[in-house]
Protein chains: 2
Amino acid sequence: MNPLTIGKLAKQADLSVETLRYYERLGLIAPQQRSEAGYRLYRPDVIRRLRFIRRAQALGFSLEEIAELLALSGNPAASAGEVKALTQAKIADIERRIRDLERMRQALDGLAEQCPGHRATTVDCPILGALNGEDQ
Amino acid sequence: MNPLTIGKLAKQADLSVETLRYYERLGLIAPQQRSEAGYRLYRPDVIRRLRFIRRAQALGFSLEEIAELLALSGNPAASAGEVKALTQAKIADIERRIRDLERMRQALDGLAEQCPGHRATTVDCPILGALNGEDQ
DNA sequence: CTAAACCCTGTAGTCGACTACAGAGTCAAG
DNA sequence: CTTGACTCTGTAGTCGACTACAGGGTTTAG
C-alpha cells in the first residue's frame, strides 16, 4: 500500500477524481508529492482526512468551515474552545433554520387542512385565497 | 393610477427592476402592453400577483412551483385538489428537511456537551475525535 | 434645450459543491 | 509497440434566485 494515484484514492474514498481536485483547490487536501510526470501521489492516510470531511459535512459544516476544523485539528496547541465555538455557531444556525421551516410547515398545515381538495375548484381554494391575501 | 412603468412597479412592490424582468423571463408576470418605445407597462393589479409570489416564497415554494400555483389560480375550472397536492408535497419536503436538521442538531449537541472547551487542546477535543472516527 | 433619470436587450457574475469537458501528456498490459 | 486507461491543466456548466453591468435609446424636469 504505497502512494495512491488520484484515481485509486477516488475509488477508495468513493469520491470522483474531480471532487478530489476540487478539494485540493479549496485547501482541504494535498498530495504528499508529485511523480516525475506531475501525477499527484497521496499517502493512504489522506483517506482518514476525507472521512473527516464527509462526517463534518453530514453535521452541516460547509467546506470552508471544514477547512477551519482541519486546521485546528492539525494544530495540537490550539484550544478545543475554538472547535466548540464553531460547533455552537453551527448549532445556532441549524436551530434558526429549523425554526424557519417549522413556521412554514405550520402555515402550510393549517392551509392544507382547510382545503377541500378535489371537491372544490381553485376559486374556493383557501390556499390560493391565503396567497392572494384574502385574510389579513 | 394608470399603467405603471417598471421602475414605478419596482418601487411599489419593493423589488428591483432586475428582479421584475427576471420574473418575466420565468413567466411569473408580464406587462399588459408595451409603449411605443418598447417600455413595459403594467396594470396596477400586477402588484397583487407579486404579493402572491412573495407569500408563496415565504411558505417555501420555489419560483417554478409558484408558476404552477399561479397557473392554477388563474384557471377557475381547475381543481383545488392540485393545489392541495402541491401543498402536501411541500409539507413532506419541509418535514424531511426538518428531520435532517434535527439529526444534525442532536449529534452536534451531544458533541458540544462533551467538549471541555478552552480547558483542553484540540488533541483532547471530542468533537475532532468524532470527526476523526475515533468512536464506532 | 439639455442633463438627469429612466428604460431597453443581452450577457455575465454571485453563492456552494460539485460535474463535465477539451486537449494534451503518461503509464501499463498484451 | 500499440492501444486503452489513466493523468494533467484550465475552463465552463449546473442549480436557484437574483444582481450587475455595458451600451444603447427615451422621457421629463427645470
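In the text below, chain A, chain B and the rest are named by the order of the sequence lines, each starting its count at 1. All values reported here derive from a predicted model rather than from experimental measurement.
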### Asn75(B) backbone acceptor or donor facing Thr122(A) side chain under 3.5 Å
yes

### Task
Applying salt bridge (Lys or Arg N to Asp or Glu O under 4.0 Å), run through Arg97(A) and Asp100(A) and close with a yes or a no.
CA-CA 5 Å; Arg97(A) 284 155 65 191; Asp100(A) 286 352; over 6 Å; no

### Query
Hey, is Glu68(B) close enough to Lys90(B) for a salt bridge, meaning N to O under 4.0 Å?
no

### Query
How many angstroms lie between CG in Leu72(A) and OG1 in Thr121(B), if you round to the nearest 0.5 Å?
11.0 Å

#### Entry: Value in whole Å for how far the P atom of dC7(C) lies from CD of Glu24(B)
13 Å

### Query
When you match Phe61(A) and Ala37(B) each to their closest nucleotide on DNA chain C, which lands nearer the 5' end?
Ala37(B)

### Message
side-chain contact (heavy atoms from CB on, under 4.5 Å) for Cys115(A) and Thr87(B)? Distances and angles first, verdict last.
### Response
CA-CA 10 Å; Cys115(A) 182; Thr87(B) 302; over 6 Å; no

### Message
Quick test of your reading of the model: are Glu102(B) and Arg105(B) salt-bridged, counting only N-O distances below 4.0 Å?
### Response
yes

### Task
Please determine if Arg96(B) and Asp93(B) form a salt bridge, counting it only when a charged side-chain N lies under 4.0 Å from a carboxylate O.
yes

## Note on the structure
chain A reaches DNA chain D, atoms under 4.0 Å from its heavy atoms, from dC6(D) to dT9(D)

### Task
For the pair Arg49(B) and Asp45(B), evaluate salt bridge (Lys or Arg N to Asp or Glu O under 4.0 Å) and give the outcome as yes or no after the intermediate values.
CA-CA 7 Å; Arg49(B) 204 172 168 89; Asp45(B) 71 357; over 6 Å; no

### Between dC6(C) (C1') and Leu9(B) (CG): distance, integer Å
15 Å

### Task
Identify whether any heavy atom of Ile6(A) sits under 4.0 Å from a base atom; if not, whether one sits that close to sugar-phosphate; answer base, sugar-phosphate or nothing.
sugar-phosphate

Kindly give the atom pairs (protein nitrogen or oxygen, nucleotide nitrogen or oxygen) under 3.5 Å for nucleotides 21-25 of chain C.
unit_1, atom_1, unit_2, atom_2, d
dG25(C), N2, Tyr39(A), OH, 2.7

### Task
Would you mind classifying the nucleic acid contact of Thr5(A) as base, sugar-phosphate or nothing, using non-hydrogen atoms under 4.0 angstrom?
sugar-phosphate

### Task
Find which nucleotide of DNA chain C each of Gly7(B) and Arg25(B) is nearest to by heavy atoms, and output the residue with the more 5' nucleotide.
Gly7(B)

